[in-house]
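None of these values were measured; they are calculated from a predicted model.
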Amino acid sequence: MPRELFLYNTLTRTKEKFEPLNPPHVGLYVCGPTVYSDPHLGHARPAVTFDVLFRYLKHLGYKVRYVRNITDVGHLEDEVAGEGEDRIQKKARLEQLEPMEVVQHYINRYHHFMDMLGILQPSIEPHASGHIIEQQQLIKIIIDKGFAYVVNGSVYFDLKKYNDQFGYGALSGRNIEDMLNNTRELEGQDEKRYPLDFALWKKADSTHIMHWPSLWSEGFPGWHLECSSMGMKYLGEQFDIHGGGMDLIFPHHECELAQSTVVTGRPPVRYWMHNNMITINGQKMARSKNNFITLEELFTGKNALLEKAFSPMTIRFYMLQAHYTSPVDFSNDALKAAEQGLNRLMKGLSLLPKLKPSASSTVDVITLRENAYKALSDDLNCPVLLGNLFEGVRIINSVIDRKETINKEDLESLTEFMRTFTHDLLGLAPEENGRSNDNELLDKVVKLLLQQRQEAKARKDYAASDHIRKQLASLGIQVMDTKDGAVWEME
RNA sequence: GGUCUCUUGGCCGAGGGGUUAGGCAGCGGUCUGCAAAACCGUUUACGGCGGUUCAAAUCCGCCAGAGACCUCCA
């Protein structure tokens, strides 16, 4: 019997109990990156958010098929100016590369940085360019059902007709009349019957180098179609969860919803989930604002906005400290605080094997564990879960300090609890900095020195003992005296 | 201009009508030959003004400020 899980559904604007269509199977679709530039902070937020969801669903016993697409075609750029050019194509033209070369390069980069962030790989990672036929099939169905029309080789979705029959705007909470009154007059849209109609297929002009044959023209698919067709193909006409950044709610997901509804006659998705944005100094991080930080810059510190480098796990931890529906503002001070907090958590976990059980317990592990489940089940409340984990750290440190005691059973339970929630569910792991204490020979050598130091201390020759500690410190080895003797670690 | 959201202690951030969030930083203490780490304490904060209520940071109204979407975006 799986635990209850409540998720905030953008469509209904409420937290709803999660009930999969076909338990124990769960279908999860998340909008992945458009691979035309280096992955940045904004890519990390949905990746981390839905990674935790993926991990938790599996932990609860569901068999999850997680689909995260790669957009490698079809997103127009600079639509306002009426000079739509495919982003990947533009990059390819500027760099004189084969478009697929650009795509492959940035996919590799994306995977590399997602790995560093501890993001699990999705079950399927379909490419839009690999599903042109499927997208064309959907267009055909939409035309046949009378919800799209062909003009000069391009196909447009008839939004007015759709709105009359199904109602448009439920997801983003806006009505079409409002939008009509507030939509700017865009150039180059004379082909559309109605300003809000959107392209399903666009005829390629002579400058386009990415194009495919179709019934309508040599061209390329519209913006929103890939998610409709790939979601349908791999998860079925209706599936459980669709996720993405909240900037995609309108128009991307709204249009996707409309297309799919026309094709199948019913809504495609049960639960729509959207993560909030990253801000830099209170402003949304956006290409146009020129304030975005790539993940590489973050991990190396090479960006004017950064005082220092921050590790992938620090970034992950920092994002988990805020609820996914809240904006996260990045600042050096906040990241430094997160770094210290993560350090404390990891140190606590590393001490677990050193705990010695007593006959009785003064700590309540069962309640702690129960609260942790409650937190995650309440719409993935990771900040509260982290609070629970820090309570676990307090217990660990207190047992070491002999201020609390723990029996064997509770110790096993605490160990399992801390590792499961920190490593398996939040995906936080100790970072390999290449300076670990794993080197057996080094450990022996340092221990030899520590023994010398102990002997000096025993004869109260503190000058000698402090000298050894100082010399080791200059090599980056920190010595700490505990009740159970001296220990050391690399800084 | 339209739609919507937010405003919590030095900083970051949960919560959400009465009872400790948590992390970071600072300060005081314990431990220690010293140091580091750890532990304990730090006497409680919710934009302003009204209202509802026995009780409001939490609900309602107004005001101020910030942000998001309306256009590619994660």
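Taking A/Phe6 as the reference, nothing meets the ring pair (Phe, Tyr, Trp, His ring centres under 6.0 Å) condition, with sequence neighbours excluded. Taking the side chain to side chain contact (heavy atoms under 4.5 Å, CB included) definition, one finds that A/Pro251 meets it with A/His224, A/Cys255, sequence neighbours left out. For A/Ile366, the side chain to side chain contact (heavy atoms under 4.5 Å, CB included) partners two or more places apart in sequence, or in a different chain, are A/Asp364. Legend: residues meeting side chain to side chain contact (heavy atoms under 4.5 Å, CB included) with A/Pro46, ordered by chain and number and at least two apart, are A/Phe50, A/Asn275. For A/Tyr56, there are no ring pair (Phe, Tyr, Trp, His ring centres under 6.0 Å) partners two or more places apart in sequence or in a different chain.
Contacts classified as salt bridge (charged side-chain N to carboxylate O under 4.0 Å, His left out) and involving residues 37-50 of chain A (residues at least two apart or in different chains) are given here: A/Asp38-A/Arg109. Within the structure, side-chain hydrogen bond (donor to acceptor under 3.5 Å, both in side chains) pairs that include any residue of residues 340-353 of chain A do not occur (at least two apart or interchain). For residues 316-357 of chain A, the pairs satisfying ring pair (Phe, Tyr, Trp, His ring centres under 6.0 Å) are A/Tyr318-A/Phe330, with sequence neighbours left out.
Taking atom CG on A/Asn276 and atom P on B/C12, their separation rounds to 16 Å, with Å as the unit.
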All N/O contacts under 3.5 Å from nucleotides 29-36 of chain B to the protein, with atom names and distances to one decimal?
| residue | atom | partner | partner atom | Å |
| --- | --- | --- | --- | --- |
| B/G33 | N1 | A/Asp466 | OD1 | 3.0 |
| B/G33 | N2 | A/Asp466 | OD2 | 2.8 |
| B/C34 | O2 | A/Arg469 | NH2 | 2.5 |
| B/C34 | N3 | A/Arg469 | NH1 | 2.9 |
| B/C34 | N3 | A/Arg469 | NH2 | 3.1 |
| B/C34 | N4 | A/Asp481 | OD2 | 2.7 |
| B/A35 | N1 | A/Asp481 | N | 3.2 |
| B/A35 | N3 | A/Arg469 | NH1 | 3.0 |
| B/A36 | O2' | A/Gln478 | NE2 | 2.7 |
| B/A36 | N1 | A/Asp481 | O | 3.0 |

Table of protein N/O atoms under 3.5 Å from nucleotides 15-23 of chain B N/O atoms:
| residue | atom | partner | partner atom | Å |
| --- | --- | --- | --- | --- |
| B/G15 | OP1 | A/Asn381 | ND2 | 3.1 |

Hey, what are the protein-to-nucleotides 58-60 of chain B N/O distances that come in under 3.5 Å?
none

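Salt-bridge annotation for A/Arg453 and A/Asp481: present, with a side-chain N of the basic residue lying under 4.0 Å from a carboxylate O of the acidic one. Between A/Glu391 and A/Arg394 there is a salt bridge, since a side-chain N of the basic residue sits under 4.0 Å from a carboxylate O of the acidic one.
A/His211 and A/Phe220 have their aromatic ring centers separated by at least 6.0 angstrom.
Between A/Thr49 and B/A74 there is no side-chain polar atom (N or O) within less than 4.0 angstrom of OP1 or OP2. Put simply, A/Arg402 has no side-chain N or O that comes within less than 4.0 Å of OP1 or OP2 on B/C39.
Listed candidates were B/C73, B/A74, B/A14. Nearest to the side chain of A/Cys31 is B/A74. Side chain of A/Pro46, nearest nucleotide from B/A14, B/A74, B/C12: B/A74. For A/Met285, whose side chain is taken as the heavy atoms from C-beta onward, the closest listed nucleotide among B/C70, B/A74, B/C39 is B/A74.
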Q | Watson-Crick or G-U pairs under 3.5 Å in RNA chain B, rendered as dot-bracket with [ ] for crossing pairs and | for another strand | A | (((((((..(((.....[...))).(((((.......)))))....(((((..]....))))))))))))....
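Counting any heavy atom pair closer than 4.0 Å across all strands shown, A/Leu335 reaches no nucleic acid atom. Across all strands shown, A/Asp401 has heavy atoms under 4.0 Å from base atoms, whether or not it also approaches the sugar-phosphate.
Ring planes of A/Phe421 and A/Phe417: tilted class, angle from 30 to 60°.
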